[in-house]
Amino acid sequence: MLAIGLISGTSVDGIDAALVEIYDRNGILSTNLIAGHTYAYEDDLRTEILAVCAGAPRSLQQICELDDRIAESFAKAAIAIKEKSDQIPDLIGSHGQTVFHRPPVMPKDGKTGLGYSVQLGRGAVIAELTGIKTVSDFRVADIEAGGHAAPLVPMLDLLLLSHPTKHRVCQNIGGISNLTYLPPNAIENQDQVFGFDNGTGNVLMDMAVQKLFGVSFDNDGAIARQGKPDIALIETWLKQDFFDTPPPKSTGRELFSPAYLEKCLSECQHLSNYDILATLTEFTALAIAKSYRDFLPVFPEEVLIGGGGGRNGYLMERLQDVLAPAIVMHTDAMGLSGDSKEAIAFAVLGYLRVKERFGNLPSVTGAKYPVLLGKIFP
Ligand SMILES: Nc1ncnc2c1ncn2[C@@H]1O[C@H](COP(=O)(O)OP(=O)(O)OP(=O)(O)O)[C@@H](O)[C@H]1O
Ligand SMILES: CC(=O)N[C@H]1[C@@H]2OC[C@@H](O2)[C@@H](O)[C@@H]1O[C@H](C)C(=O)O
């Protein structure tokens with residue numbers, strides 16, 4: 001089946017689109033990426049999304065208009081990537097844009113304790129504008145089943161990246177970072193697969209470099225490389241609740257917000273701007289390493305990196321150092337594009353939905369049971 005996957009992640013840098021052929025041999029899936037591309041948001045749209053993520057007050061009318069613009073941008077991305085093949089795609093799986101995420105808590109005082117996760121860019125509009133069957137609203141059903149509805153990419157990692165004898169971690173470093181732990185032969189040992197959001201990813205580094213250096217990200221980590229991290233300060237930051245909370249857990253820009261960065265910066269007044277970037281980069285790497293030591297049943301032999309953080313050469317070096325003896329490499333070394341992985345995941349999750357196969361892993365999200373993920377707009 002030819003499918004399109006679409007997502008804009010927590011970096012809000014643009015819409016990742018993947019045109020992907022999905023092969024299914026008796027339930028064993030494989031994929032072939034035909035084209036992958038990031039279609040940048042218009043500047044004012046990105047600014048508005050970031051404002052809403054940061055909690056700026058907006059009327060329902062304004063939220064509806066934002067939903068329209070995001071859906072139209074997603075449809076445009078689908079129409080553009082569709083041109084990379086002569087065939088008409090059978091399906092679009094569209095994650096949309098997360099603008100709010102509230103993890104579940106223990107029910108109390110008559111309240112349900114359910115989480116809430118809002119993705120804008122409604123699938124009905126995408127289906128209408130493209131003429132292609134669209135699956136969207138992937139996170140809702142897992143939330144209703146008591147789960148975090150995040151991360152969802154572990155299903156793709158399980159299907160495509162399991163090794164017969166090695167313990168692997170698939171580590172995504174986007175705006176937020178998240179991992180999938182795969183025991184050997186994970187398809188047969190599915191109950192041991194788990195995953196969770198394990199850190200800030202790029203979001204703090206991005207906000208800091210914009211404020212201190214006026215660029216949108218620290219290309220290759222060249223700025224951080226010139227500084228020296230303050231390890232004692234990082235150790236105090238790692239004592240914060242999020243890092244000590246056992247999985248399942250999920251997070252987002254609600255926690256790692258502009259206010260969170262301001263608090264960090266207020267504790268960095270003795271540091272140069274280069275040292276601040278080095279400190280935030282080391283914090284990102286050490287938060288990831290701490291989560292492996294605290295929560296994984298077995299320290300992995302291999303760590304497969306995906307997401308934009310994999311392009312930060314300095315962060316990759318720091319990860320190799322703090323995750324030794326694990327070997328750190330890019331997911332691309334396994335034949336799966338790290339840049340397009342999340343978009344491929346939503347193409348595959350869309351496929352699973354139309355085949356009426358479960359999309360969530362309760363051992364990851366904490367849901368009470370497996371559920372069908374997504375609503376179908378024919
Ligand atoms: N050449 C590069 N050097 C350093 N960092 C980079 C480079 N290219 C991308 N990045 C980082 O990767 C980020 C984008 O990563 P990605 O597209 O994986 O995020 P996302 O999908 O929006 O996030 P999430 O996975 O949390 O949903 C950028 O904001 C930037 O911080
Ligand atoms: C609610 C939400 O959008 N969460 C994102 C976010 O960005 C990274 C991390 O936090 C992950 O949990 C998730 O995205 C990916 C695509 C996932 O669900 O696997």
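Every number for a ligand or one of its atoms is a count from 1 in the order of the listing. The residues of the chain are indexed from 1 along the displayed sequence.
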Give yes if a backbone or side-chain nitrogen or oxygen of Q119 is under 3.5 Å from a nitrogen or oxygen of ligand 2, and no if not.
no
Give yes or no for whether the N/O distance cutoff of 3.5 Å, strictly under, is met between H101 and ligand 2.
no
Using a strict 4.0 Å cut-off to heavy atoms of D206, name the atoms of ligand 1 that fall inside it.
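Counting from 1, the qualifying ligand atoms are 28 (C), 29 (O), 30 (C), 31 (O).
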Looking at G309, which atoms of ligand 1 are within less than 4.0 Å of one of its heavy atoms?
12 (O)
Nearest heavy atom to atom 5 (C) of ligand 2 wins, so pick from R139, H95, M155.
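Selected option, by shortest heavy-atom distance: R139.
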Between F242 and Y260 (judged by ring centroids, cut-off 6.0 Å), do the two rings come close enough to count as a pair?
no
For ligand 1, is there an N or O atom under 3.5 Å from any N or O atom of [X]?
| X | value |
| --- | --- |
| G308 | yes |
| F217 | no |
| S8 | no |

Tell me the contacting part of N178 for ligand 2: side chain, backbone, both, or neither, using a 4.0 Å heavy-atom threshold, strictly below.
side chain
Examine the proximity of ligand 2 to D197 and report which part, side chain or backbone, both or neither, has a heavy atom under 4.0 Å away.
side chain
What's the shortest distance from atom 17 (O) of ligand 1 to any protein heavy atom, and which residue and atom give it?
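Residue, atom and distance for the closest contact: D13 OD2, 3.5 Å.
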